[in-house]
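Shown next, in C-alpha cells, is the structure this report addresses.
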Amino acid sequence: MNDADGTTAGDTSGDLARLAEGPRCECGVFGIYAPGEDVATLTYFALFALQHRGQESAGIAVSDGARTVVHREMGLVSQVFGPSDLAALDGHLAVGHCRYSTTGSSSWENAQPVYRESGLGTRLALGHNGNLVNTAELARGLEPAPGTDSALMARLIGERTDVSLEDAIVAVARELRGAFSVVVTDERRLYAFRDPHGLRPLQIGRLPGGGWVVASETAALDIVGAVLVRDVEPGELVAVDADGLRSRRYAEATPTFCLFEWVYLARPDHRQDGVSVLSARRRMGERLAAEAPTEADVVIPVPEAGRDAAAGYAAASGIPFADGLVKNRYVGRTFIQPTQSLRQLGIRLKLSPVREVVEGQRLVVVDDSIVRGNTSRQLVAMLRAAGAAEVHLRITSPPISDPCYYGIDMASRAELIGADMDVEQIRAFVGADSLHYLSLDGLVDAVPERADELCTACFTGRYPIPVPAEDARLAQVAFELDA
Ligand code: SF4
C-alpha cells in the first residue's frame, strides 16, 4: 500500500509469459464512480476480467473525496491484492489498471495508475491503454524524462495550473497522437477519454444502484453487474460526479478501430458495435472454410483465440470439431525466472497435443495469427510427433507484415515472418502440408465496422496516424531507390 512515493520490490512475472511469442496487448483500464458501493472490490473484480490485456502489473487508486490512496505492484491481479489491501482502499471513486509494457520497462515505477500532484492542489491518478507516437516530441526538454507515455500524459495534465483539471485534460488530449483510452480521477470526479481514432475500446456502463463505470471491455462491466450504456466515442471526454455523467467532444472523430482486437486481443464475450467477439470469430472461421476448403478428418483450434473460429470452420465445412490441443492455463502465471532449459521447452510449456484426437488424422489447425513463425513451426512438429497424418494450418487473419505502433507488442519488422516471406515460403518454414490466411476482405467482412473504419496497418502498412519511425523508414527507402 502506498501513496505517491510508496516503494515495493519488483519482479519478473511477465518473463515467462514472454516465452510465448504471440502479440501482447498493452493494458486494461477501469474506472468507477459509485457512492455507497465497495468500489475497490468492484475494481478488483473488473481487473480480473481484463487480466488478459496486461499481466505484468496491476493497480487501483481509490478516493473518498478528500484523499486518494494507491496500491500497485508487479504481478497478476490475484497476486497484487489481498483482502487487507482492498479493505484499506476506502472511497466512492476509483481507477484500476493492469499492464503489459511496450513503452518503458516492466518495473514497479512504471506500474499504473500513475499518481501525482495536480497543479490545482489535488492529486490525480491515471490509467492508460494504448501507445502514443509523439512521446519524444511532447517530452522534449522535460527533466527528468517521464518513464512512459502514460507518465508523460499525467505530468502534462498535472502541470497545468491555469485551467480546471477537465480543461487541462482536453488541452493535453488535443496534443496527443496515437492510441489512448484513458481513465483519470482526482478527488472529485472520474474522467474517461478516447483518442479521435478510437483505436482501443472504452465503454460506459451503469450499475443497478445508479453508479457509473468505464472499462476496456464489456467483460469488466458484466462482472461488476453493470449494464452497457455505450462506447466512449472517439474524440470524446466524459466526466462523472455527483451530478451524473457529462459528455464533451474535444476532437472530431475519425474512427479506425483496431482490427486485431477482433482477431486476437479482446475476450470472446466482449461486445463491440453491437457484435460479440465470439460471433465475429465464428464468422472468420466460416469465411476461412469458404476461402480454403480442405480434405480433412478433424478441425482443431489452437487455444484460446482460435477456438471460436475453428468452430465456425467446422460448422461451415462439415468436418468434425475436436479439442486436439490442451493449454496449460498457468504458464505466465508464475514468478519463476525462465531458464535456458525452460526456454527450450518452447511451445510444449504452453500446449500439449491430445494423441487420441490427432493420431492418424488429417488435421485442419485453426490459429489467429503467425508472428515470427517459430511457434507455428514447433506446433506443427509437435502434432506430427503425436501422429498427425497431415497438418493444414488455417489462420484467421492476413499475414502480419508491419509492426504496430499503437499499443500492441508484436515484433519488429525484421522479426515478422510475413514481412519478407510469401505464403508458400512460410508454409515451408513452419512445415505444414498447406497454409491459408484469411483474406483482408474476408476478415473485414466478419466484423461490424466498414473497412474505412478500421486500422489494418499491421496487415497492410497503411497507418491511420502518421508514425515518425515509419516516415523515416519510407524516406530512407525512397532515398535508396533514387540513389
Ligand atoms: S497496427 Fe494492427 S494491432 Fe496495431 S492498432 Fe492497427 S490493426 Fe491493431
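Atoms within each ligand, like the ligands themselves, are counted from 1 in listed order. Computed from a prediction, not measured in an experiment: that's the story for all the values here.
- Counting atoms of ligand 1 from 1 in the listed order, those under 4.0 Å from a heavy atom of M410 are 3 (S).
- The nearest protein atom to atom 1 (S) of ligand 1, hydrogens excluded, is given as C458 N, 3.4 Å; this is a heavy-atom distance.
- Under 4.0 angstrom from ligand 1, there are no non-hydrogen atoms of E261.
- With salt bridges taken as basic N to acidic carboxylate O contacts below 4.0 Å, none links R283 and E286.
- Contact check on E470 versus R413 returns a salt bridge, with a Lys/Arg side-chain nitrogen under 4.0 Å from an Asp/Glu carboxylate oxygen.
- Residue contacts to atom 4 (Fe) of ligand 1: C258 brings no N, O or S atom closer than 2.8 Å.
- Looking only at heavy atoms of the protein, atom 6 (Fe) of ligand 1 is closest to C455 SG, 2.3 Å.
- Of all heavy-atom pairs between V299 and A310, the closest is CG1-O, 3.6 Å.
- Salt bridge status for E304 with R267: absent, with no side-chain N to carboxylate O gap under 4.0 Å.
- Residue R200 places a heavy atom under 4.0 Å from ligand 1.
- At the top of the distance list for atom 4 (Fe) of ligand 1, counting protein heavy atoms only, stands C404 SG, 2.3 Å.
- Taking 4.0 Å as the cut-off between side-chain N and carboxylate O, E166 and R248 count as a salt-bridged pair.
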